[in-house]
Amino acid sequence: MPELPEVEVTRRGIARTVEGARLERAILRTPALRYPIPAGLARQLAGRTLVAARRRGKYLLLDLDGGHLLVHLGMSGSLRFVTPDTAPQKHDHADFIFGDRVLRLTDPRRFGALLWLEADPLQHPLIAKLGIEPLTREFTPAWLHQTLKGRSLAIKPALMDSGLVVGVGNIYAAESLFDAGIDPRARAGSVSAARLGRLVPAIKKTLQAAIRAGGSTLRDFCGTDGGMGDFQTRHQVYDRAGAPCMKCGAPIKALRQGQRSTYFCPRCQR
DNA sequence: ATGTGACCCTGGATGC
DNA sequence: TGCATCCAGGGTCACA
């Protein structure tokens with residue numbers, strides 16, 4: 001479930017709850033997620049203060065004094081606060097213990113990542129080549145038009161390419177393209193400036209609405225409730241194959257682009 | 001450089 | 001009930 005909005009909500013929850021707090025102890029139960037977790041890392045982390053929680057794309061950067069924890073939640077990861085007496089379950093890979101607040105990393109599929117960096121994390125290979133942040137002023141129709149110029153791949157996988165734009169996952173790419181009335185199969189370099197002029201604000205609007213929704217759902221981020229956000233009830237096209245388009249009533253269609261499912265309205269998106 | 005597909009891993013839903 | 005298959009909100013990598 002972690003898309004940019006959920007990562008951002010998670011970041012805010014961490015910042016609100018334990019920024020400035022001392023990481024008394026870390027428990028690392030799993031030798032490797034996407035990448036190996038060094039054996040001595042838990043001991044190395046103990047006693048450090050959490051200075052800040054940042055986000056770059058879908059990566060969380062937890063700045064401790066003397067280094068940085070880089071966390072990615074992959075497809076199935078989550079970070080939640082639990083109480084110290086909450087027994088770990090099968091896929092609970094890591095606990096970060098801040099007094100009576102325990103930040104617990106869960107990730108059944110283990111596509112996520114946990115790295116310890118002592119150098120500038122923004123220079124790390126995983127971060128350095130990331131694309132533009134969609135919620136910044138720099139992300140404009142003109143920028144997107146220039147970036148996609150000459151590209152023949154379809155607009156939807158282009159939006160999902162984190163080397164171009166970060167944080168736009170499979171759901172938000174579909175929802176944003178619906179909002180802007182653009183066929184997900186259109187060649188990226190052929191989408192008109194006028195259409196990109198609708199797409200860019202659609203992306204910003206979609207992400208911001210999801211952050212608000214996630215924020216309301218995860219308001220008790222520090223609690224133990226692992227409930228999902230309610231924003232899926234607002235999906236216009238995602239996972240609605242065969243259901244009537246909310247604008248025109250035509251049946252929503254599904255197709256595959258790359259290895260991912262795409263949903264769109266064949267009448268509204270041309 | 002760009003585009004495409006395989007692959008990483010577990011679990012849930014579905015079909016036989 | 002068991003088993004096979006497919007699918008899932010992420011990203012990296014090899015290869016054409």
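Residue numbers begin at 1 in each chain, while the letters A, B, ... track the order of the sequences.
Residue Y238(A) has a polar side-chain atom (N or O) positioned under 4.0 Å from OP1 or OP2 of dG9(C). For K90(A) and dT10(B), the shortest distance from a side-chain N or O to OP1 or OP2 is not below 4.0 Å. Considering only side-chain N and O atoms, R109(A) lies nowhere under 4.0 angstrom from the phosphate OP1 or OP2 of dG11(B). The shortest distance between the side-chain N/O atoms of H91(A) and the OP1/OP2 oxygens of dG11(B) is below 4.0 Å. Side-chain nitrogen and oxygen atoms of S152(A) include at least one within less than 4.0 Å of the OP1 or OP2 phosphate oxygen of dG3(B). The phosphate of dG10(C) has OP1 or OP2 within less than 4.0 Å of a side-chain N or O from R260(A).
Closest contact between the side chain of H72(A) and the listed nucleotides dT10(B), dG3(B), dG11(C) involves dG11(C). Of the candidate nucleotides dA8(C), dG11(C), dG9(C), dG9(C) has the atom nearest to the side chain of N170(A). Between dG3(B), dA6(B), dG10(C), one nucleotide has an atom nearer to the side chain of Q259(A) than all others, and that is dA6(B). Proximity note for R34(A) (side chain, C-beta onward) versus dG3(B), dG9(C), dG10(C): the nearest is dG10(C).
In this entry the distance linking NZ of K129(A) with P of dA1(B) reads 13 Å, nearest Å. Separating the CG atom of L164(A) from the C1' atom of dG11(C) is a distance of 14 Å, rounded to the nearest angstrom.
Taking atom P in both dC7(C) and dG5(B), the straight-line distance is 15 Å, to the nearest Å. Taking atom P on both nucleotides, dC6(C) is separated from dA6(B) by 13 Å, rounded to a whole Å.
Centre separation under 5.5 Å together with a plane angle under 30° does not hold for the ring of F111(A) and the six-membered base ring of dC9(B), so they are not marked as stacked.
Pairing for dG9(C) is absent, judged as Watson-Crick or G-U wobble with the two contacts each under 3.5 Å. In this entry dC9(B) has no Watson-Crick or G-U wobble partner, no candidate having both defining distances under 3.5 Å.
Considering CD of Q236(A) and OG1 of T206(A), their distance stands at 9.0 Å, rounded to 0.5 Å.
With contacts defined as side-chain heavy-atom distances shorter than 4.5 Å, the pair Y35(A)/L126(A) qualifies.
Residue-level contact check: L126(A) touches the backbone only, with heavy atoms under 4.0 Å from sugar-phosphate atoms and none from bases. Residue R187(A) is out of contact with every strand shown, counting any heavy-atom pair closer than 4.0 Å.
In summary, the side chains of R256(A) and S261(A) do present a donor paired with an acceptor at a separation below 3.5 Å, with no hydrogens or angles considered.
Note on D179(A) versus R198(A): no salt bridge recorded, every NZ/NE/NH1/NH2 to OD/OE distance being 4.0 Å or above. Salt bridge present: D63(A) and R54(A) bring a charged side-chain N and a carboxylate O closer than 4.0 Å.
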